[in-house]
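Letters A, B, ... mirror the listed sequences (proteins, then strands); counts begin at 1.
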Amino acid sequence: MTTELNIVYFAWVRERLGRDEEVVHLPDTVTTIGQLVTHLQSLGTVYSEIFEDVGKLRFALDQEFVSLDHCLQGAKELAIFPPVTGG
Amino acid sequence: MTTELNIVYFAWVRERLGRDEEVVHLPDTVTTIGQLVTHLQSLGTVYSEIFEDVGKLRFALDQEFVSLDHCLQGAKELAIFPPVTGG
Amino acid sequence: MIKISVQKSDFDAGLEISKLSELGGGAVSSFVGQVRGDKQLQALELEYYPAMTEKALREIAKQATGKWPIHGLVIIHRVGRMAIGDQIVLTGVCSDHRHAAISACSFLMDQLKTVAPFWKKEIMSDGVEKWVDERQSDIDAAQNWRN
Amino acid sequence: MIKISVQKSDFDAGLEISKLSELGGGAVSSFVGQVRGDKQLQALELEYYPAMTEKALREIAKQATGKWPIHGLVIIHRVGRMAIGDQIVLTGVCSDHRHAAISACSFLMDQLKTVAPFWKKEIMSDGVEKWVDERQSDIDAAQNWRN
């Protein structure tokens, strides 16, 4: 059984990737967001560039802000985006 | 030559005195607002009651807040009123 | 744009905000004070010192423009008799920066409460009239801007 | 009364203030943010995260009602394309006390700027597009409420 996670992208992350969402199959070795980021970096040049400076990105798991060491287990949707700039 | 000063009253000072303004002839001995207050206290019971606790009153000379030791010289209008409560 | 008005008539807060918005600063802060239906209050009577009140408000406005970069500000204060729920006062500020707009707007209210010659009389439902006392919290708030 | 809205359409700041005024608190503070005509800016594009944005704004509103005695508050934030001078955001608070209303209104803006998932893209008159960077002053302002 493969675990699947829906990832949504916003702002320049979305534009650079050329997509606003995708379903990622999680290898057994990926349990935290940090590990997922490493996995995503292996998917291609654009991914590796975007995730090169992970401090410029923010993560929300099922619509709650989380840090890189947060577990993915049971989550349905991960959002990856730059710091918010509304208001 | 007598010096005259127009005094205007507001709020409960006006109500207690039953007048909103009056012209006061200043004796030669009165040069500061504090001295004027002492003079006004001699004019009757209502005056002496109103000015009994001078800390409850505020003074504006020609529309500028002033303290009791301020000189009256050359002024046209003195306003006497309780602390302001607008807004 | 500096607008100061002491008036008997009501005002349109939305219209005043629109005018401030047209100045192009991008940040408009405003405050509206109304007659609150406390206790047995029936109405409020606002007295003022015509020769001095507007002058005092202009001085407060001048201080605000000296402290913050402001495109425009408005102070409207009503006088006369007002019923519960009626608007009493409006302060509004337009600036390039939100903290400047918010701080200046708050400053205008704090200063107005302590140096502009207005006096409030409460008229209770049983006919009793009572002049409002000054509040230490208002004095403290005005003083805080000097620290 | 808590009103949260993320919408494409413009809003009527005066109407929202009127609604807050009807709550009887006596103190209504509001803030309006607009597109400022800086540099060569032609328009602003506001992106958001539909599943999360309103939820984040509700959480901010809840924090405000926990910190101050509030009769009602409103947060309206527009999304999509906006021209110079257009309104972007409104926060408004009604309270019995002016400092509570002003502080809560300021708090809503400071929190919104740092935790609500909105992203601004500047579109310049030469066609160049640039995502806006977060500002340290906004982070500091939001942090200050925790001290």
Side-chain angles (χ1 to χ4, degrees), chain B residues 3-24 26 32-33 36-37 40 46-87, chain C residues 4 6-7 31-36 44-60 75-80 82 87-91 105-123 129-139 141-142:
Chain B
T3 311
E4 291 188 346
L5 180 70
N6 193 44
I7 308 188
V8 292
Y9 303 104
F10 294 97
W12 61 257
V13 182
R14 173 182 57 74
E15 287 187 345
R16 294 271 307 269
L17 280 173
R19 64 184 65 175
D20 55 13
E21 66 180 316
E22 66 184 320
V23 175
V24 171
L26 301 180
T32 69
I33 289 172
L36 173 62
V37 165
L40 290 172
V46 180
Y47 284 97
S48 67
E49 284 173 8
I50 288 172
F51 292 102
E52 200 176 357
D53 185 357
V54 81
K56 286 183 181 168
L57 298 173
R58 300 293 178 268
F59 303 87
L61 199 61
D62 289 341
Q63 295 84 48
E64 295 279 353
F65 281 97
V66 288
S67 55
L68 285 169
D69 57 1
H70 202 279
C71 278
L72 291 164
Q73 200 181 8
K76 287 176 183 158
E77 183 170 276
L78 175 69
I80 304 180
F81 47 73
V84 303
T85 55
Chain C
I4 309 284
V6 179
Q7 61 190 50
F31 178 84
V32 175
Q34 305 166 274
V35 182
R36 193 171 63 218
L44 218 56
E45 202 52 73
L46 252 294
E47 184 170 329
Y48 75 120
Y49 180 5
M52 180 175 173
T53 305
E54 192 176 315
K55 187 181 165 186
L57 295 178
R58 288 211 173 273
E59 173 58 28
I60 295 168
I75 305 174
I76 301 177
H77 202 298
R78 291 179 66 201
V79 292
M82 279 159 257
Q87 300 184 121
I88 305 169
V89 61
L90 167 83
T91 57
C105 187
S106 182
F107 171 87
L108 293 179
M109 277 305 301
D110 287 344
Q111 298 306 310
L112 182 158
K113 286 242 171 199
T114 52
V115 306
F118 292 104
W119 300 274
K120 279 196 193 103
K121 185 161 72 172
E122 294 178 334
I123 295 144
E129 301 186 349
K130 187 189 171 300
W131 288 97
V132 171
D133 288 325
E134 71 176 338
R135 294 189 312 174
Q136 190 57 44
S137 61
D138 287 332
I139 300 168

With a 4.5 angstrom heavy-atom cut-off, could you sort out which part of [X] is near chain B: side chain, backbone, both or neither?
X        : result
C:Tyr48  : backbone
C:Ala51  : both
C:Lys113 : both

Inter-residue atom distance [X].[atom1] - [Y].[atom2], 0.5 Å rounding:
X        : Y        : atom1 : atom2 : answer
C:Tyr49  : B:Glu77  : OH    : CD    : 3.5 Å
C:Met52  : B:Phe65  : CE    : CZ    : 4.0 Å
C:Glu134 : B:Arg58  : CD    : CZ    : 5.0 Å
B:Thr85  : C:Glu122 : OG1   : CD    : 9.0 Å
C:Glu59  : B:Glu64  : CD    : CD    : 7.5 Å

Hey, is CD on B:Glu52 packed in by over 12 heavy atoms from elsewhere, all under 6.0 Å? no

Check whether more than 12 heavy atoms from other residues, nucleotides or ligands sit under 6.0 Å from atom NZ of C:Lys130, and answer yes or no. yes

For chain B, which candidate among C:Val89, C:Asp138, C:Val115 shows the most heavy-atom pairs at distances under 4.5 Å? C:Val115

Got a donor-acceptor contact below 3.5 angstrom from the C:Lys121 side chain to the B:Trp12 backbone? no

If you apply the rule side-chain contact (heavy atoms from CB on, under 4.5 Å), what do you find for C:Glu47 with B:Phe81, and how did you get there? CA-CA 11 Å; C:Glu47 184 170 329; B:Phe81 47 73; over 6 Å; no

Closest heavy-atom pair and its distance - C:Pro50, B:Phe10: CD-CE2, 4.5 Å

Is any side-chain heavy atom of B:Val84 closer than 4.5 Å to a side-chain heavy atom of C:Trp119? yes

Residue part contacting chain C, namely of B:Asp20, when any heavy atom lies under 4.5 Å: neither

